Amino acid sequence: MPLFRLTPIAAALVVYCAHADPVEPADPVAGQIAVEADHMSGVGSERVRAEGRVVAVRDDERVESDWLEYYQTRQHVRAGDRVHMTRGPDDLTGEALDYSMEASQGTLENADVYRNQPGRRGAPGYRAGGALVRMTGKDTYEISQSRFTTCEPGRDDWYVRAREMDLDYASNLGVARGAWVEFKGVPLLYTPWIDFPLQERRKSGLLAPTFKLGGGNGIEFAQPYYLNLAPNYDATVIPRVLSRRGLMLGGEFRYLMPDYNGQMAGEIMPDDRKRNGDTRFAYTLSHLQQAPSLNMAFGYNIRYASDNDYFRDFGDRRAIADGANLLREGWANWHSPFGFFTVKAQRYKTMQDSKALVDEPYARLPQLTWNYGIGLPAGVEANFYAEYNQFSHGQQVVNGGLSARQDGKRLTFYPSLSLPLQASYGFITPKVGLHYTEYWLSAQNAPVQGETGNYSRALPVASVDAGLVFERDSNWFGQSLTQTLEPRLYYLYIPYRDQSRLPNFDSARYDTSFAQLFNENHYAGGDRINNANQLTAAITSRFIDNDNGVERLRVSLGQRMYFDEQRVTLDANDIRRTKTLSDFLASVSGQLTRDAWMDTNYQYNRELGKAERYNLGLRYNPAPGKTLSLRWRYERDTEVAGAALRGPSRQIDIAGQWPIARKWYVVGRQNYSFTGKQSLETLLGVEYNDGCWAVRLVGQRYQKDLNTSTTAFYLQLELNGLGGIGSNPLQTLRQSIPGYSKINDVPGKL
C-alpha cells in the first residue's frame with residue numbers, strides 16, 4: 001500500500017499509514033506528533049487508533065507499541081501491549097501506557113526506566129522499575145513496588161527494593177521508603193527511608209557504612225553522613241562503634257573559596273574502656289589564605305592527639321608512620337620589591353614509643369626568613385639570604401630517658417655572588433659567598449657550664465660548577481633515541497672553623513646521594529657547616545625517546561675527592577671521615593618500555609671494599625589491574641631497634657595485582673626484613689569484578705611498633721553507583737601496591 005500523509009491543522013497530526021516496508025517517520029514540526037503503523041483508523045477525528053508496529057514521535061518523546069490510541073485535542077496517548085518509550089535521555093519499557101504529551105505526565109505499568117550517566121564514558125547507568133511508574137514531569141518519577149540498580153538491562157544481580165521510590169534527575173535525588181538492599185536474592189540492609197544520588201555528583205545523605213575486624217579494637221562499625229552544604233564547602237559526620245573500647249564521634253569540614261581554602265577534621269572517644277575511661281581525641285586543622293592585591297599569603301597547619309598511643313590504637317600503618325611528630329605551625333609570606341619574606345611559628349608534638357624514645361624537634365618561635373636576588377652588570381647575580389630563629393623546648397634522649405635541651409636564638413646571613421655562563425653545549429658557574437651566624441644562648445639546660453652568651457661564626461664559601469652536554473643519535477630495539485653524555489665537575493672550598501661549642505638545634509647529616517654530591521654542606525640545618533676542599537666528578541648518560549620525549553634510561557656515576565680531612569662533626573659521638581675519596585655512587589633508572597620501569601642506586605665503600613647501601617626497584621604495569629613490583633634494599637650499617645643493635649639491613653618488598661581468572665584478581669604484598677627476621681607487612685587478598693558490583697577480601701598484618709604487630713581484615717561489597725558495604729581496603733591497597741587500580745573504575749575494561 002502506498003505511503004500517504006495527512007496533516008489536520010487543528011489537531012497538529014502527521015500520519016503515516018500502512019506500507020510493506022516500514023520506514024522511520026520524518027521529524028515533524030515542533031509540537032506535532034508523527035505516527036507510523038501497519039493499520040490506522042479514525043484519521044481526522046478526535047480519536048486515532050493505530051495497530052501493528054506502531055511508532056509515534058513528538059519532539060524528544062517516542063513511543064513504540066503493539067497498539068496506540070491518540071486523543072488529538074488533549075494530546076493524550078494510550079498504548080500497549082508491549083511499550084517502548086523514550087523521553088529525552090530516559091528509556092522506558094512496560095505493558096500499558098497512559099500519557100499526556102502536553103504535560104509530560106502519565107503512568108506505565110510493570111515498567112523499567114533506564115538512564116545513562118551523562119558525559120561519563122564507562123560510568124554506570126541507572127535502571128529503576130516497578131509495578132507502576134508515574135511520570136510526574138520531564139525528569140521526575142514515582143514508582144510503586146520499586147527496584148533500583150546500576151546493572152545493565154538483563155542483569156538483576158542487586159537491587160535497592162522499596163515500597164515507594166521517587167526519582168528526581170533534575171535535583172539528582174532518589175528517595176526510597178521501606179527500602180532494603182538485595183544482593184543475589186539475599187536481603188542485606190533494611191531502612192525505613194533512604195536517599196541517594198542519581199548521578200555521580202555530591203549530595204547530602206548517608207554514605208555506605210563500614211565494618212572492620214582486628215587491630216585490637218574488636219568489631220568496628222562506622223556510619224558516615226555526608227552534608228553537601230554548598231558547591232564550595234561540605235561536611236561529613238562519622239559516628240563509630242568499637243566493641244572493645246566504646247563510642248567515637250568523628251567529622252570533617254572542607255571549604256574552598258577563590259582566595260582561601262582549608263579543612264577541619266577530628267574525632268573524640270569520651271570513654272575508652274581499654275584505657276580506664278580516658279577521653280581520647282585527635283584533630284587536624286589547615287588553612288591557606290591568598291591576598292593577591294598585597295602579594296601575601298598566610299595559613300596554618302595543626303595536628304594534635306591526646307596521647308602517645310593514639311595512632312597505634314586507632315590508626316592504620318600510614319597513620320602510625322605519619323604520627324611520629326605532629327606539626328603545629330602558622331606562617332605568612334610576602335613578595336615585595338625588596339625580596340621574599342616569611343614569618344613562621346612552629347612546634348611539634350612527638351608521639352613517643354616507650355620502647356624506642358626519639359629526640360623531639362626544637363620549636364621555632366618564631367622563624368623569620370628573607371631571600372632577595374638581583375642581577376648586576378656583566379651577568380653577575382647577587383643573592384642575599386637571612387634567617388632568624390628562636391629555638392625552645394626541645395628534648396633529647398640521654399641515658400635511656402628524655403632530657404631538656406638548651407634554648408637559644410640564631411641569626412644567619414649569607415650573601416653571595418655568582419656568574420652563570422651558559423651555552424647549548426654546557427655551563428660554568430663560579431660563586432663566592434660569606435656565611436655568617438650569630439648565637440645567643442640561654443643558661444637554662446646548657447650542656448657545659450659556661451656555654452652561654454654570644455657565639456659567632458663566619459665562613460667564606462667559594463665554588464665552581466661546570467658541565468658539558470654531548471648528544472648523538474642512537475637506536476634501541478628499532479626505536480629512534482637521542483643519547484646524551486653529560487660530564488660535570490664541582491669544586492668547593494670552605495675553611496675550617498671550630499664549631500664544637502655551638503649547639504645543635506636543627507642539623508643532621510645528609511644521606512649520601514647524587515643530589516648531595518653537589519651540595520655546599522653535607523649537614524642539613526644551619527648549626528654545622530663542613531670544612532671543604534673537595535672536587536666532585538660525575539657523568540650522566542641519558543637515552544631519550546625522540547617520539548615522545550620519555551627518558552628511557554639514565555645512567556649516572558659520581559664520586560667526590562677530598563683534599564683536606566674532615567674536622568667538623570655533629571657532636572663528640574659523630575665519626576669523622578678519614579678517607580680521601582667518598583663512596584662511589586652509581587644509579588640506573590628509566591621507563592624501559594611502555595609498561596616497565598626501573599630505579600636502582602648503588603653506593604660502594606672503597607676503603608672497605610664492599611657495598612655501603614644499594615636498592616633496586618622494578619615495576620611492570622601493562623594495563624589497569626595488572627601490576628607487579630619488586631624492591632630490594634640493603635644498608636651495611638644501620639640502627640635496628642633504636643640504638644640497641646647496629647648491623648646490616650636487608651629488606652625485600654614484593655607487591656602486585658593480577659588477574660587470575662575471568663573477573664578475578666589477586667592482590668598481595670610481602671615486605672620482609674632479613675635483619676630483624678620478621679615480616680614488616682604481609683597483605684593478601686582477592687577481588688572480583690562483575691561489572692555493576694565488585695567484592696574485595698583482604699587480610700593485612702603489619703608492625704605497629706618495634707615489638708607489636710596487628711592484623712586487620714577487610715571485606716567489602718561495592719555496588720557501583722551506590723557505594724560499598726563493609727570495610728573499605730582501597731586506601732590500604734593503594735598505599736601498599738605501586739600501580740594498584742580500582743578494578744571497577746571503568747566497567748568492562750578490565
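Small disclaimer: the values here were computed from a predicted structure and weren't measured.
- A heavy-atom distance below 4.5 Å is found between the side chains of D545 and L481.
- To the nearest 0.5 Å, atoms CZ (R701) and CZ (F713) are separated by 9.0 Å.
- Around the CZ atom of R631, the shell of radius 6.0 Å holds more than 12 heavy atoms that belong to other residues, nucleotides or ligands.
- Ion pairing of D506 with R364 is present here, as a side-chain N (NZ or NE/NH1/NH2) and a carboxylate O approach within less than 4.0 Å.
- Taking the charged nitrogens against the carboxylate oxygens, D309 and R275 do have a contact shorter than 4.0 Å, which makes a salt bridge.
- W158 and F183 have their aromatic ring centers separated by at least 6.0 angstrom.
- With salt bridges taken as basic N to acidic carboxylate O contacts below 4.0 Å, none links R619 and D599.
- Results of the side-chain hydrogen bond (donor to acceptor under 3.5 Å, both in side chains) test with E681 over Q735, Q703, Q700 single out Q700 as the only residue that passes.
- Seen from the ring of Y283, R303 does not count as a face-on cation partner, given the 6.0 Å and 45° thresholds.
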Full working for side chain to side chain donor-acceptor pair (under 3.5 Å) between N301 and S286: CA-CA 4 Å; N301 296 286; S286 64; 4.8 Å; no
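- Proximity of the aromatic rings of F505 and F391 is defined here by a centroid distance below 6.0 angstrom, and this criterion is met.
- Residues W693 and Y688 place their aromatic rings such that the two centres sit under 6.0 Å apart.
- Annotation for K677: atom NZ does not count as buried by contact number, only 12 or fewer foreign heavy atoms lying within 6.0 Å.
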Evaluate W597 against Y620 for side-chain contact (heavy atoms from CB on, under 4.5 Å), listing each step before the verdict. CA-CA 7 Å; W597 291 261; Y620 178 60; over 6 Å; no
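- Counting heavy atoms from C-beta on, the side chains of E220 and R245 never come closer than 4.5 Å.
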Under the side chain to side chain donor-acceptor pair (under 3.5 Å) rule, what do T484 and E486 come out as? Steps first, then yes or no, please. CA-CA 6 Å; T484 70; E486 305 169 41; 2.7 Å; yes
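- The side-chain tip of R613 does not point at the ring of Y634 from less than 6.0 angstrom away and within 45° of straight on.
- Comment: R606 does not engage D583 in a salt bridge, judged by the lack of any side-chain N to carboxylate O separation of less than 4.0 angstrom.
- Using a 4.0 Å cut-off between charged nitrogen and carboxylate oxygen, K742 and E718 count as a salt-bridge pair.
- Note that K626 lies in the cation-pi zone of W658, set by a 6.0 Å cut-off to the ring centre and a 45° limit from the axis.
- The one candidate from N521, D571, L570 that meets the side-chain contact (heavy atoms from CB on, under 4.5 Å) condition with S507 is L570.
- Using a cutoff of 4.0 Å between basic side-chain nitrogens and carboxylate oxygens, E687 and R696 are scored as salt-bridged.
- For H287 and Y300, the ring centers are positioned less than 6.0 Å apart.
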